[in-house]
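Source: prediction; values computed, not measured.
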Amino acid sequence: MATEPAATSTAARPERTRGEPVRMRWWGWGDPERAPALPANALAYLRDAVGVLPAPRPPVALDAVSLPASALDSAVLARLREIAGRERVRDDRVERIVHAAGNGYLDLVRLRAGSPQGAPDAVLYPESRQRLRELLGECARDSIAVVPFGGGTSVVGGVEPLRGEYAAVVALDMSRLSGVVSLDEASLTVTAHAGMRVRDLEDELAARGYTLGHFPQSYEYVSIGGCAATRSAGQASSGYGRFEQLVRGLKLTAPSGEIDLRTLPASAAGPSLREAIVGSEGVLGTIDELSLRVRRAPAERVYDGVFFSSFHAGT
């Protein structure tokens, strides 16, 4: 058993500039500044239980990753940059590789081998709802497929850049459309831009004595927009509720228009447009703002762990 203060500790985290996108290794989970390592006792257990290679096979060099030339027309690229700014529309090699896949097992095997299934032709970084609307409109006019990209933590192919019948495909990285808009302490509701990381939102709430209570395994990297788009669940969801149960209102932007759903408590009326959008995986449009239910933070959090020697003993 371990007992800790309720406020989230940031002491062990790498320093980064406020608003800077949180990035994983391009070939797998984890902080690129930290070498992946297991303690000696964990390695000994794995060695006895399943076997461990003497030397893990490293990923290929970034320069060795197979990447086709961008299919994005130069005139279209110029128009997109005119809308968002040159630094907000990226078609360089590293950006395309980073946005080529999620973090499922097959994704990581392909990335480590240097053979991703596909890659976007460019990456867009909208910084406002207005820019988001203009970029989506331009992509619709030029027959460009758009794949919303939050933290890149999908393990079910949700961010795969499939171009299908379209002339090109772009990743819509929401990381710069981030930050808390407001905190209503009377109704216990926080409103934030969809690109905000769950970890960052939890830190800001903890400083005010509140918690969202959403702790998926991808907690450090996942965005709140991604959680809404996938109906995310976490280790504490049996107590605080799954993510769709936390959503009180939202805004969605699509090429054909916008949807603003007011912040309301649970309702028995139906059908619910909110329920159709939450879990839509980006098919209906891009969720760009969310209003979420929060709770008073507990005075302390207590975690228990139980280990069984075998599956049979556990059953």
Side-chain angles (χ1 to χ4, degrees), residues 21-29 59-60 62-77 79-81 83-84 87-126 131-132 135-177 194-195 218 221-223 225-226 229-230 253-255 279-288:
V22 182
R23 282 284 174 85
M24 290 178 280
R25 301 182 181 93
W26 66 267
W27 49 266
W29 290 93
V60 301
L62 189 59
D63 291 341
V65 175
S66 175
L67 195 67
S70 173
L72 195 62
D73 182 81
S74 58
V76 175
L77 179 63
R79 287 197 293 272
L80 292 172
R81 283 178 168 164
I83 292 171
E87 292 304 312
R88 302 292 176 260
V89 180
R90 303 282 296 276
D91 64 345
D92 55 276
R93 180 180 179 82
V94 173
E95 286 291 318
R96 293 178 63 206
I97 292 173
V98 167
H99 293 83
N103 277 268
Y105 177 74
L106 292 178
D107 296 326
L108 300 186
V109 169
R110 292 171 184 144
L111 285 172
R112 287 177 65 90
S115 304
Q117 185 83 359
D121 297 302
V123 182
L124 313 183
Y125 285 94
R131 292 289 177 265
L132 172 61
L135 287 169
L136 289 177
E138 183 64 38
C139 288
R141 285 189 291 272
D142 293 307
S143 187
I144 299 172
V146 178
V147 181
F149 193 100
T153 63
S154 173
V155 294
V156 293
V159 296
E160 256 185 64
L162 303 179
R163 68 187 67 239
E165 63 186 10
Y166 294 92
V169 58
V170 295
L172 185 68
D173 192 308
M174 297 293 288
S175 59
R176 299 192 185 277
L177 194 55
S218 53
Y221 301 101
V222 71
S223 68
T230 59
T253 301
S280 61
E281 298 270 2
V283 172
L284 302 178
T286 301
I287 298 170
D288 55 90

If you measure from CG on Leu111 to CG on Asn103, what distance do you get to the nearest 0.5 Å? 8.0 Å
side-chain hydrogen bond (donor to acceptor under 3.5 Å, both in side chains) involving Asp63 - partner list, sequence neighbours excluded: none
Pairing residues for Arg131 by the side chain to side chain contact (heavy atoms under 4.5 Å, CB included) criterion, not counting sequence neighbours: Ile83, Ser128, Glu134
Can you sort out the partners of Val109 under side chain to side chain contact (heavy atoms under 4.5 Å, CB included), two or more places apart, ordered by chain and number? Tyr105
Taking all atoms of both residues into account, what is the closest heavy-atom pair of Gly285 and Ala254, and its distance? CA-CB, 4.1 Å
Determine whether Val60 and Arg112 make a side-chain contact, defined as any pair of heavy atoms from C-beta on separated by less than 4.5 Å. no
side-chain hydrogen bond (donor to acceptor under 3.5 Å, both in side chains) filter on Asp288, not counting sequence neighbours, yields Arg129, Thr253
Which atoms form the tightest heavy-atom contact between Cys139 and Val170, and what is the distance? SG-CG2, 4.1 Å
Pairs meeting criterion salt bridge (Lys or Arg N to Asp or Glu O under 4.0 Å) with involvement of residues 141-159, two or more places apart: Arg79-Asp142, Glu138-Arg141
Quick one: list whatever passes salt bridge (charged side-chain N to carboxylate O under 4.0 Å, His left out) with Arg88, sequence neighbours left out. Glu127
Minimum heavy-atom distance between Ala194 and Ser223, given as atom pair plus value: O-CB, 3.6 Å
Look up atom CD1 in Ile97 and atom CG in Leu67, then write down how far apart they are to the nearest 0.5 Å. 5.0 Å
By side-chain hydrogen bond (donor to acceptor under 3.5 Å, both in side chains), Glu160 pairs with (sequence neighbours left out) none
Review item, side-chain donor-acceptor pairs of residues 113-123, under 3.5 Å, at least two apart:
from   : atom 1 : to     : atom 2 : distance (Å)
Gln117 : OE1    : Arg110 : NE     : 3.4
Asp121 : OD1    : Ala71  : N      : 2.8
Asp121 : OD1    : Arg163 : NH2    : 3.4
Asp121 : OD2    : Arg163 : NH1    : 2.7
Asp121 : OD2    : Arg163 : NH2    : 3.4
Asp121 : OD2    : Val169 : N      : 3.0

Side chain to side chain contact (heavy atoms under 4.5 Å, CB included) with Arg25: which residues, sequence neighbours excluded? Trp27, Pro32, Pro36
Is Leu132 close to Leu172 at the side-chain level, that is, under 4.5 Å between some pair of heavy atoms? yes
If every non-hydrogen atom of Arg23 is compared with every non-hydrogen atom of Tyr221, which pair is closest and at what distance? O-CE2, 3.9 Å
Check whether Arg96 reaches the backbone of Pro68 with its side chain - one donor and one acceptor, N or O, closer than 3.5 Å. yes
Nearest 0.5 angstrom please: Thr286 OG1 to Leu136 CG, how far? 5.0 Å
Locate the shortest heavy-atom distance separating Ala75 from Asp73; write the atom from each residue and the value. N-OD2, 2.9 Å
Restricting to non-hydrogen atoms, name the atom on Ser175 and the atom on Tyr125 that form the minimum distance, rounded to 0.1 Å. OG-CE2, 3.7 Å
Counting only pairs under 3.5 Å, give me each side-chain donor-acceptor contact of residues 148-156, with atom names and distances, residues two or more places apart or in other chains.
from   : atom 1 : to     : atom 2 : distance (Å)
Ser154 : OG     : Val156 : N      : 3.3
Ser154 : OG     : Gly158 : N      : 2.9

For the CH2 atom of Trp26 and the CG atom of Leu108, what is their distance to the nearest 0.5 Å? 10.5 Å
Side chain to side chain contact (heavy atoms under 4.5 Å, CB included) involving Val89 - partner list, sequence neighbours excluded: Leu77, Leu80, Arg81, Ala84, Leu124
